[in-house]
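Naming convention: chains lettered A, B, ... in sequence-line order (proteins, then strands); numbering from 1 in each chain.
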Amino acid sequence: MMAISEMVHAAAASGPAATAVLLAPMLAPLVAASAAVLVGWRRAVSWSAVAASVVILVSGVLAAVATADGSVLTVGGTLRADALTAVMLLVIGVVAVIATWSGVSYIDQELAAGHTDGRGARRYGVLVPMFLTAMVLAVLASNLGVMWAAIEATTIVTAFLVGHRGGRQAVEATWKYVMICSVGIALAYLGTVLVYYASQHAGIGEQGSLDWSVLVANADQLDPGVMRVAVPLLVLGFGTKAGLMPMHSWLPDAHSQAPAPVSALMSGVLLSVAVYALLRYRVVAVAALDLQFVRSLILVVALASVALAASMLLAQRDYKRLLAYSSIEHMGLVMIGVAVGTPLAVTALLLHILGHGLAKAVLFCASGQILASEGTTQISGVRGLLARQPVLAGTFALGVAALLGLPPFSIFVSELALARAAADAGLAWAVAVALVLLLVVFVAVAGHTAGMLFGGDAAGQRPPHTPPHTPSLPRVAAAPLVTGLIALAVLGVVAWPLEQLLDAASAIAGTS
Amino acid sequence: MTASGLTAGALAATAGQLALVVGGAPLLVGLMRQVRARLEGRAGAGVGQPWRDLRKLLGKEAIRPDGSSWVFTMAPLLLLASTLVITAVAPFLSTVSPVEGVADLFAVVSLLMLGTVALALAGLDTGTAFGGMGASRAVTVAALAEPTILLAVFALSARVGSSNLADIVESTLTTPAQVLSPASLLAAVAFAVVIIAEAGRLPVDNPATHLELTMIHEAMVLEYAGRDLAMIELASAMRLTVLLGLGANLFMPWGIATTVAPLPLLGAAVVFAVKLGVLGAGLAVFEVFVAKWRLFRVPELLAGSFLFGLLAVSASFFLA
Amino acid sequence: MTDTGYVQILDLVCGGILLTAVLMLWRRELAAIVRLLVVQGVLLALLAALMGVRESSTELFVVAAGVLVLKAIVLPAVLRRVLRDSGEAREAEPLVNVTASLLAAALLTLLAYGLSRPLVALAPSPTTRALPVGLAVVLLGFFVLVTRRRALSQVVGFLLLDNGITATAFLATAGVPLVVELGVSLDVLLVVLVMQVLAARMRLSFGRTDLDGLRELRD
Amino acid sequence: MSLIGAGLGVIAWGAIAGVTLGALAPSRARALVAGVLTSVVGAGGVLAGLAALGGQGWSLTVTDLLPLGAMTLAVDALSGAFLLLVGAVAVAVGVYSVGYTGPGGRHGAEPDATSGDTTALAGPSSEPGAAGHAEGAASRTAQSALPLFVAAMLLVPAAASVSTLLVLWELMALTSLVLVLAEHRLRASVRDAGLWYAGMTHAGLVAIMLGLVVFAAGAGGESFTALRAGSGDLSPGTRSLVFVLIFIGFGSKAGMVPLHVWLPRAHSEAPSHVSALMSAAMVSLGLYGLIRVGFDLLGGGPHWWGLLVLTVGGLSALYGVLQASVAVDLKRLLAYSTTENVGLMLIGVGAAGMFAADGNRILAGVLMAAAVLHAVNHAAFKTLLFLGAGSVLRATGLRDLDLLGGLARRMPVTTALFAVGALGAAALPPGNGFVSEWVLLQGLIHSVTATGSPSVVAALSIPLAVGVVALTAGLGMVTFVKAFGVGFLARPRSTVAAAASESPLTMRAGMFLAAAACAGLALAPATAGAPLTRLLRVLPSVRDGAPLADSGIALRLAGIAGSMSPLLIALGLLVAGASVAALARRVAQGRPRRVAQAWGSGGARLDPRMEYTATSFAEPLTRVFDDVLRPEHDIDVTPYVESRYLIESVRFRQRVPDRLEARLYPPLLAAATRWGQWSRRLANGSVHRYLAYGFVGLLSVLIVVGISG
């Protein structure tokens, strides 16, 4: 361990290694995408996306090792990685590995079932790695404007992934997705412009700057009057991409229509990348404005999102939309952590992002398999799954357990730490509200999934329209799900490798 | 007196009290029947008739209904054994006892319940409708009587600071005025109701009836014969005696020996027998003038006595 | 160029931008709306060029040329194609009628003025005093998005929103860094292209581009 | 390495081995492996518990476990008592489960009211239940969850920080949920039971988490040491808030009213050995949490805390026993009896809190000891009873008392052992339940003399509490006379019951272990004196002294006049019974009893339909408590087709629903449903509306910013 760390540090000192660590995760997916462009959907191409994801993950690990002590990697003036970036790279890498891995069998099944054709598969093979590149760029960009552009790029790249299946609903979902997200992100751009405006008058120089580290260093010079307008725009704008109230409405439609691995990536990482943007801006905002303003603003948005998710989950009828609303709920929780903003809160919210990403990846991929096997996304159309498909239903059940915050999965630990952090910050009332809403979510989700999973396999209990079920989950489809669950459980029990990194990240983004 | 002398004397007192209760219980029942018969204008079978019945029963063959289990055969033993234990530990003749501290008032009450339960299980074990009916009614009455009896115990022991029987009796002996305190009087009323309910007397149960729909105790023992029935009859008589004896000595302990010297013990035995006789006769007279209540009015009676018990306790709190 | 001359031209251009935005709210003919968008694009380019003169920066002239190409030529061309394919010439009855829309526009403009007070206060100058125009166009664009039924009208609303932000950027900061500007422009172009494809698919699936048809995904 | 450390090591490694081997073992060996490892884990708990009660202390912090916190464990005498309790239950249950989850048996099948009369007498292997059963409690998942569940329960009392406690608490909830759901394929009701359980337990967690988090924030640290030290820094209002929250949370796990609703469902639908673990062990941990946080970490509080606990305890005891006394399902009856006994424990804890607040520490100590002692006693007899119910279920597939009966001759060992448990549960001497109820009553009745002039509240609440305890004892007696008398005695009321056969050896051994514990606790309770003294030392706010005088065979209370010797009472009963039996034998001169037909009211041969059933047995009580229970009656009169005046059959059905539940929960659920249905309008599909949300949001934020700036 020490040896690797030293090697990486030595490498970081000399530029090329850092360049490699930061460029590889962007270039590897592009290579995979070009392969898909050239040869279409082939076995090797599908695995190349997995390989690209692994590259991202490995870069994340290397970046983590290099930055856990607080140091920073940079490439030119444009790419920059600190501990916070490393955490996000890890999240992207981990979720991407699971999503692309199960995407291999997913697209094969789609092709076999005639849901898509060679063109669709090729488009999938091109767009998914590009999606990854855009997200990696968003977290690596040192310039907040570039970060904004990268996040907007994710909307464009994923537009046709959301519409992958074709048909009226796909068009509808894509339109809503593109329209609402573009508008929202445009607001964030307006906020960015205003921050830039403030920076021009903050003693940085006539030209001003959108470079994050420069902004942070001079944050107390930023004009509070301008920042008071800019910050709400940023919260609303990036909040749109993060699926927060009031611009959350695209999320359930897009997540329920997208192919399962893409839903996994969107829910597991894309939302978190938007939160990451807010986390970066929060450091600036808190220094420029009073803490109370930033905290109340974000807290209102966060609690409203959790409340909305709880309301919508109660009478939910579609299990993919159920997962989507659960994403809104979890982003709301994460935003409570952003609102609190103490180092403990930031550590907890980063772990929560990681845990949620993993759980959602597993769940969306599993739900794709359920859809393939049962032929419906209606909750009432799936009955007694555990009796018929024990492995698939078992992973789904464990994923839901993880999502609902049951140990040994890490979401429990991070929720607990979030609650502690909020209470320490004097926000016990917010904890109370959030916990009660979480109880509603728990009952709703548990009730819906219990209906899907439990019960006998007597013939009378199955609705007549279900196709003859596939005997069991293919191994290549099950492996990523099980891997994800194991990772989730390990994260919830063992603190050792990650905690130092999270602490370093919270030192960057946390303010007490 | 030496310690060993004390122990020997105390043992003698306990043995005497056992002998007195075992021997006297059927006589008490006989006395009550006789009083009743006379008041109703009958000649009566004589005070010794219950003993004669017991002798007759012992000579008869014991019967076990088809399908019953060991519970049926064990129940009379348990009933009699529990009554014997109570008899041994209760302060009837002397406040000094070798088994001091073995069982307090709570334990005595619970042992009484144990006997009831044994009989109820036996009634259920017969598998007949009567057995079940009797058991159901008996445990219902017992269950509702238990709070009352415990509250009465509470009221009595509260003023003494102990639920040990001997302590309560001694305390009453040293400060007789206590008997006339509101708490004590209310507790006495409550206790009287409980005695009636627990011993299966009118108006809760009619010990003389074999009318199927009204009986409680008799319904449970319907299938017993021979020595088993003899045990049950003896135990029932003893339970009545013990309950009356407890009532007598808890509220009017005068005459009880505070040592284990032979003479006071003898005197205590005589006084005890007289007290029981008077109480039994009184109960018999009372029974002549009341009719059995419907089963579902019994809870009213018990609720009333529960209220008395509660008032007694509250009184002991507020007027302490 | 003198200061007064600069201020007058600036005010003229900004007034023109706001006016075109309001007119877009007023007109129901889609072709006319696209023409107004062209005018607005030209005015934006003019604004950029004006800033370039003021700051004497060649970079801004390049940007101005880019804006002209993108906003006055390419994007309207895309929109015209959508219009031609769809065969729907007029906006259907909007969710809020024109009179109310114009009143709302007035209120939104007032809000924009109120909102930009702290922005102007940071660095008062003729340029920043025109900031409310940018913010007002942003809000008007959002208003169009919320109230217009046709897919094309919503795209117009989005472009209006984007034009407003661009105007704000020029007025407040004389343009964002070039790399950001490039990224933003590329994104906008791509988004509009995506929307064009989607509008075409929508017509194929639904037979029209009325957004009220998009009500299948719901809870 | 200390004994406690060794014990906890056994627990941890046993659980890991249990999960791995339970998942890997072939199905034939699975029951054996899981059962043995469960017992081993339990034995580790017993070892650690005994060592802790013997005066050892132990603590451990592992920073590398449990992210964002640290795994902090510490064991003192209070932990020890519950380690011992849970461990002992697990040992018995582990042994029992080998047979219970092994092949054979009718448990797990749908309990069908008609099966009593229609099921053919067939070998157990051809029963539908046998096949289903392998997928239920014997499944890989359930078998590997069993040791983990036990380990989680055992580690809960050892947890010494908020995070550790909550993680283990939830792990316990999750594993028990998996076990409750084990038979979900066989009965549709299992799913509902699981849902209720999950919902209520999560509601409890929310309360606990909120309380502890607020506590930790106020005290400035999350380890128990920090909480203990910082509890004085909290304002009285915050302290009370924390107490009320943790009382609700732990109380819901303990099954107090009105949060008891999960208990009758989960306990009756779970496999029986799991019911035993949950009812005997897990429920006690609710009490542990209350004592640990309320009296140790918070250090006790004002008078009204005690009164609150006392009141809720009294209501739970009464309501639980009333429902139990009219219950017809054997396991449901046992579950309500759990609520009753938890109520009694809470009465003890609440009264202890009241007296401690009043400064009467002697009584407080006695009452706290009574509560803990009752928890231990309850664990012993409830384990035995649930295991007994499991044996019956395995032999007959029935939980319905109305269809049982006649088991005393077919399952003599089970019957005898169940009788031991029932004796304890009915609180009759010489059972073990009697002992702790006696201590409880002693503590209550001495309040008069001890407190001098008590407050009005105490003067009203203590007599009522005595009345409640007494009524509870009385109705408890009815309940268990019914359970034992109707379930096991008389003649079988169905053909399945008539075909029952005795349980396998391991099941009998498991029950025997529990029965032995009952007997030990019943006869030698005075040995608990020294451990209870050490336990009270953990709770200085209650009392730092011995609750029981060191008194050999008699149980003597320290500081107040009260003594009783359960051993001598039992001996007296034995001697008296034996001598009477010998005498009777001599009188009978060796003549055996003749077996004769019972009297059938003049001729008709008795058939099982004439027997008293559980329903009819409880009928008088149902009528007495009509206002509280509100039974529902259905009478179907079917006339002949030819004439409606001639009646072919009359069908009478009586149900006693849980009224408290029916009053509280359906309105809540209905409101949630309405809320959910209403919210669906928020996502009506219109993209305009979606954008309008954003527009309105933007405008309002901007206006607020504009105004406030």
Side-chain angles (χ1 to χ4, degrees), chain A residues 78 143-146 148-150 152-153 155-157 159-160 163 166-176 178-179 181-183 185-187 189-190 192-194 196-201 207-210 223-230 252-254 256-257 312 315-318 321 325, chain C residues 115-123 128 131 134-135 138 141-142 145 151 154-155 157-158 161-162 164-166 168-177 179-195 197-199 201-202 204-206 211 213-219:
Chain A
T78 48
N143 185 306
L144 293 175
V146 175
W148 178 89
E152 169 68 1
T155 314
I156 298 158
V157 176
F160 291 108
R168 290 161 70 104
Q169 296 194 341
V171 173
E172 177 181 345
T174 319
W175 181 269
K176 287 175 182 169
V178 173
M179 192 44 89
C181 279
S182 305
V183 170
I185 208 76
L187 294 181
Y189 179 47
L190 183 57
T192 312
V193 166
L194 292 182
Y196 184 52
Y197 173 52
S199 78
Q200 286 182 335
H201 301 274
Q207 276 306 302
S209 174
L210 275 177
D223 179 60
V226 175
M227 290 302 285
R228 275 176 77 87
V229 182
D253 294 348
S256 61
Q257 287 304 310
M312 302 307 290
Q316 193 49 249
R317 292 173 300 174
D318 180 310
R321 289 179 78 85
Y325 279 113
Chain C
L115 209 58
S116 39
R117 270 203 331 234
L119 309 184
V120 177
L122 175 59
T128 52
L131 266 176
L135 291 181
V138 170
F142 212 150
L145 278 165
Q154 273 205 337
V155 181
F158 174 71
L161 188 75
D162 186 60
I165 298 173
T166 315
T168 312
F170 285 135
L171 291 170
T173 63
V176 287
V179 55
V180 179
E181 183 69 56
L182 272 176
V184 172
S185 306
L186 191 64
D187 280 343
V188 170
L189 178 63
L190 288 172
V191 165
V192 173
L193 286 173
V194 166
M195 286 176 178
V197 175
L198 283 175
R201 285 195 185 171
M202 203 184 296
L204 277 176
S205 323
F206 294 81
L211 295 174
L214 304 182
R215 297 286 288 268
E216 286 182 19
L217 295 174
R218 54 188 297 178
D219 276 303

Trainee: Measure distances from A:Gln200 to the heavy atoms of chain C and classify the residue's part below 4.5 Å as side chain, backbone, both or neither.
Mentor: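 The side chain, not the backbone.
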Trainee: Contact between A:Glu152 and C:Val191 at the side-chain level, heavy atoms closer than 4.5 Å - yes or no?
Mentor: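 Touching, per the 4.5 Å side-chain cut-off.
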Trainee: Given the options C:Ala151, C:Ala199, C:Ala169, which has more heavy-atom pairs under 4.5 Å with chain A than any of the others?
Mentor: C:Ala151
Trainee: What part of C:Leu161 is in contact with chain A, defined as an atom under 4.5 angstrom from a non-hydrogen atom: side chain, backbone, both or neither?
Mentor: side chain
Trainee: Which atoms of C:Leu204 come close to chain A, meaning under 4.5 Å heavy atom to heavy atom: side chain ones, backbone ones, both, or neither?
Mentor: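 C:Leu204 has no heavy atom closer than 4.5 Å to chain A.
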Trainee: Using the test salt bridge (Lys or Arg N to Asp or Glu O under 4.0 Å), find all partners of C:Asp187 that sit at least two apart in sequence or belong to another chain.
Mentor: none
Trainee: Distance from C:Met195 atom CE to A:Ile156 atom CD1, nearest 0.5 Å?
Mentor: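 Separation between the atoms: 9.5 Å.
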Trainee: Would you mind checking which part of C:Thr166 comes under 4.5 Å of any heavy atom in chain A, side chain (CB onward), backbone (N, CA, C, O), both or neither?
Mentor: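 Answer is neither: C:Thr166 stays 4.5 Å or more from chain A.
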Trainee: By salt bridge (Lys or Arg N to Asp or Glu O under 4.0 Å), which residues pair with C:Arg218, not counting sequence neighbours?
Mentor: none
Trainee: For C:Val155, is it the side chain, the backbone, both, or neither that has a heavy atom closer than 4.5 Å to a heavy atom of chain A?
Mentor: both
Trainee: With chain C as the partner, which of A:Asp318, A:Val178, A:Leu210, A:Ile185 has the greatest number of non-hydrogen pairs under 4.5 Å?
Mentor: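 Looking at each option in turn, the highest pair count goes to A:Val178.
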Trainee: Can you confirm whether C:Val180 sits close enough to A:Tyr196 that some side-chain heavy atom of one is under 4.5 Å from a side-chain heavy atom of the other?
Mentor: no
Trainee: Do you know which of A:Thr192, A:Leu190, A:Asn143 has the most heavy-atom pairs under 4.5 Å to chain C?
Mentor: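 Going by pairs under 4.5 Å, I would pick A:Leu190.
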Trainee: Is chain A contacted by the side chain of C:Leu119, its backbone, both, or neither, given a heavy-atom distance below 4.5 Å?
Mentor: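 Both backbone and side chain.
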Trainee: Count the heavy-atom pairs under 4.5 Å between each of A:Val183, A:Thr78, A:Leu194 and chain C, then report the option with the highest count.
Mentor: A:Val183
